[in-house]
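The residues of the chain are indexed from 1 along the displayed sequence.
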Amino acid sequence: TNHEKSIAVLPFDILSTDEDAEIIRDGIIEDILTQLSKIEDLHVISRTSVMKYKNTTKTITEIAKELGVTYILEGSIRKYDKNVRVTAKLINTKDDENIMSEQFDRTLSDILSLQTDVSIDIVDALELNLTFEQQQRLDQTATQNIDAFKLFIKGRKEADKRNRESIAKSIELYQRALLADPNFAEAYAEIANSIYLETYYAGRDPVEATKLANDYLDKALAINDEVSRIYSVRGLIYNIEGKYDMAKTAFEKAIKLAPNDVTAHQQFATFYYYNQQYDEQLHHAEIAYKLDPLSFAIANSYFTALMANE
């Protein structure tokens, strides 16, 4: 069933041949998703599922049905030299009604505040009531440096591939992003996440990985203590160290900061699995599955949880 206030942000069409246009488009989409995922009353489909609709021939109605959403944001991006024009349209798929239509003209240097403007327009169009804290979080941009931003997006793409080479490459890209912007808290947190992934995918020593990941998390924390990824990685570390209560608190904090963060829900489900609380495992695995219905790994973990609850 379609969640009442649910949204999928489709990859915007690229209307220019500029080589940078795709990475900027992917970055804008990812950032809009990051901003929207902080809103508790909204169900936001995750980027791995929406990115499968690049260059799709499917209709909006078909996509909405596949993803189980009511609203779809679609748009286009045109980049020429240092200028970017983005159009965005919010559609209520129940009656095919266009409830928001905006055009944004930006220079490349101030494109990074665009996701905040688009997110606020969506919040207004859907008449969502935000708390003061949520409103403030929407106003935060992770970096103002376009080079750092592009390297970070490339890093995320590599980390998503989940293999030894790609995870090592993601760490290198995040580190280059930090050279461009040393105050990029999200990049520190994602390095910690990738280091931790290497214990699974590259046989990295867990003790050494934990120590290094914690160093990066401390750096992220010192810059911005509202980055949800900091707490989900801490949760994993505490769990391995057998600190059950601290792990649970960390995961709860991650989800409070980003209720639609599929990674945090999946990691929380795994935590409950290890601690043999199968009903709680199923609860978070199901949320993750609804947020990312087209991801094989997430579907697999949901299936495991269903089996554990037989």
Side-chain angles (χ1 to χ4, degrees), residues 37 46 155-156 158-164 166-172 174-175 178 184-289 291-292 295 297-298 300-302 304-305 307-309:
S37 78
S46 111
R156 283 281 276 261
E158 290 298 330
D160 278 349
K161 294 177 191 166
R162 292 288 192 271
N163 63 57
R164 180 193 285 260
S166 68
I167 293 166
K169 198 165 176 204
S170 76
I171 293 174
E172 184 200 322
Y174 295 141
Q175 281 169 331
L178 285 165
F184 196 165
E186 278 82 351
Y188 283 114
E190 290 296 348
I191 289 178
N193 194 42
S194 285
I195 288 169
Y196 209 77
L197 285 172
E198 289 196 322
T199 64
Y200 292 97
Y201 294 95
R204 190 166 189 159
D205 171 45
V207 178
E208 176 268 341
T210 296
K211 192 182 172 311
L212 192 56
N214 269 324
D215 288 346
Y216 279 106
L217 293 174
D218 287 340
K219 286 178 178 165
L221 208 53
I223 299 164
N224 179 359
D225 62 2
E226 297 212 319
V227 174
S228 119
R229 182 64 62 250
I230 298 171
Y231 302 97
S232 68
V233 180
R234 279 261 148 94
L236 291 173
I237 292 172
Y238 288 142
N239 190 36
I240 289 289
E241 293 175 342
K243 299 173 181 166
Y244 172 84
D245 291 334
M246 289 168 81
K248 186 167 180 280
T249 305
F251 283 123
E252 283 166 351
K253 172 103 180 175
I255 286 166
K256 187 174 188 295
L257 288 170
N260 289 282
D261 180 3
V262 72
T263 304
H265 282 289
Q266 193 195 11
Q267 290 169 342
F268 209 176
T270 308
F271 161 80
Y272 279 123
Y273 171 72
Y274 281 127
N275 292 290
Q276 293 166 2
Q277 288 175 271
Y278 301 120
D279 50 341
E280 291 291 343
Q281 175 201 359
L282 180 60
H283 172 69
H284 288 283
E286 185 175 4
I287 293 173
Y289 176 66
L291 292 171
D292 201 356
S295 155
I298 300 289
N300 205 18
S301 118
Y302 179 42
T304 308
M307 296 307 285
N309 277 275

Atom pair [atom1] ([X]) and [atom2] ([Y]), whose distance is rounded to the nearest 0.5 Å:
{"X": "Leu221", "Y": "Glu226", "atom1": "CG", "atom2": "CD", "answer": "11.0 Å"}
{"X": "Leu236", "Y": "Glu241", "atom1": "CG", "atom2": "CD", "answer": "11.0 Å"}
{"X": "Tyr289", "Y": "Ser295", "atom1": "OH", "atom2": "OG", "answer": "10.0 Å"}
{"X": "Ile287", "Y": "His283", "atom1": "CD1", "atom2": "NE2", "answer": "3.5 Å"}
{"X": "Asn193", "Y": "Ser232", "atom1": "CG", "atom2": "OG", "answer": "6.0 Å"}
{"X": "Thr199", "Y": "Ile237", "atom1": "OG1", "atom2": "CD1", "answer": "9.5 Å"}

| message | Ring centres under 6.0 Å, that's the criterion: do Phe268 and Tyr272 meet it? | response | yes
| query | Between Tyr244 and Phe271, is the gap from one ring center to the other below 6.0 Å? | reply | yes
| Tyr278 atom OH, over 12 foreign heavy atoms within 6.0 Å | yes
| field | Short N-O contact, Glu252 and Lys248, less than 4.0 angstrom | value | yes
| query | Charged N to carboxylate O under 4.0 angstrom, Glu186 versus Arg229? | reply | no
Using a 4.5 Å cut-off on heavy atoms from C-beta on, say whether the side chain of [Y] contacts that of [X].
{"X": "Asn224", "Y": "Ile230", "value": "no"}
{"X": "Arg234", "Y": "Asn214", "value": "yes"}
{"X": "His284", "Y": "Thr270", "value": "no"}
{"X": "Val262", "Y": "Ile298", "value": "yes"}
{"X": "Tyr231", "Y": "Lys256", "value": "no"}
{"X": "Asn239", "Y": "Asn275", "value": "yes"}

Any idea which heavy atoms bring [X] and [Y] closest together, and the distance?
{"X": "Leu217", "Y": "Ala189", "value": "CD2-CA, 4.3 Å"}
{"X": "Tyr174", "Y": "Ser194", "value": "CE1-OG, 3.7 Å"}
{"X": "Ala220", "Y": "Ala185", "value": "CB-O, 3.5 Å"}
{"X": "Ala250", "Y": "Tyr238", "value": "CB-CD1, 4.3 Å"}
{"X": "Ala264", "Y": "Phe251", "value": "O-CD2, 4.3 Å"}
{"X": "Ile191", "Y": "Gln175", "value": "CD1-CG, 3.6 Å"}

| note | The complete set of salt bridge (Lys or Arg N to Asp or Glu O under 4.0 Å) pairs with one or both residues in residues 271-287, sequence neighbours excluded, reads Glu286-Lys290
Show the atom names and distances, to 0.1 Å, of all donor-acceptor pairs under 3.5 Å that link a side chain in residues 203-213 to residues at least two apart or in another chain.
from	atom 1	to	atom 2	distance (Å)
Arg204	NE	Glu208	OE1	2.8
Arg204	NH1	Glu198	OE1	2.6
Arg204	NH2	Glu208	OE2	2.9
Asp205	OD2	Glu208	N	3.1
Thr210	OG1	Pro206	O	2.7

| Going through the distances and angles, do Lys169 and Glu172 end up as a salt bridge (charged side-chain N to carboxylate O under 4.0 Å, His left out)? | CA-CA 5 Å; Lys169 198 165 176 204; Glu172 184 200 322; over 6 Å; no
| query | With a distance cut-off below 6.0 Å to the six-membered ring centre and an angular limit of 45° from the axis, does Lys219 pair with Tyr188 as a cation-pi contact? | reply | no
| query | Without hydrogens or angle criteria, can the side chains of Asn260 and Ser37 be said to hold a donor-acceptor pair below 3.5 Å? | reply | no
| task | Mark yes or no for whether Ser170, through its side chain, and Ile167, through its backbone, hold a donor-acceptor pair below 3.5 Å. | result | yes
| said: Applying side chain to side chain contact (heavy atoms under 4.5 Å, CB included) to Ile171 and Ile195, what does each step give before you reach the verdict? | reply: CA-CA 8 Å; Ile171 293 174; Ile195 288 169; 3.9 Å; yes
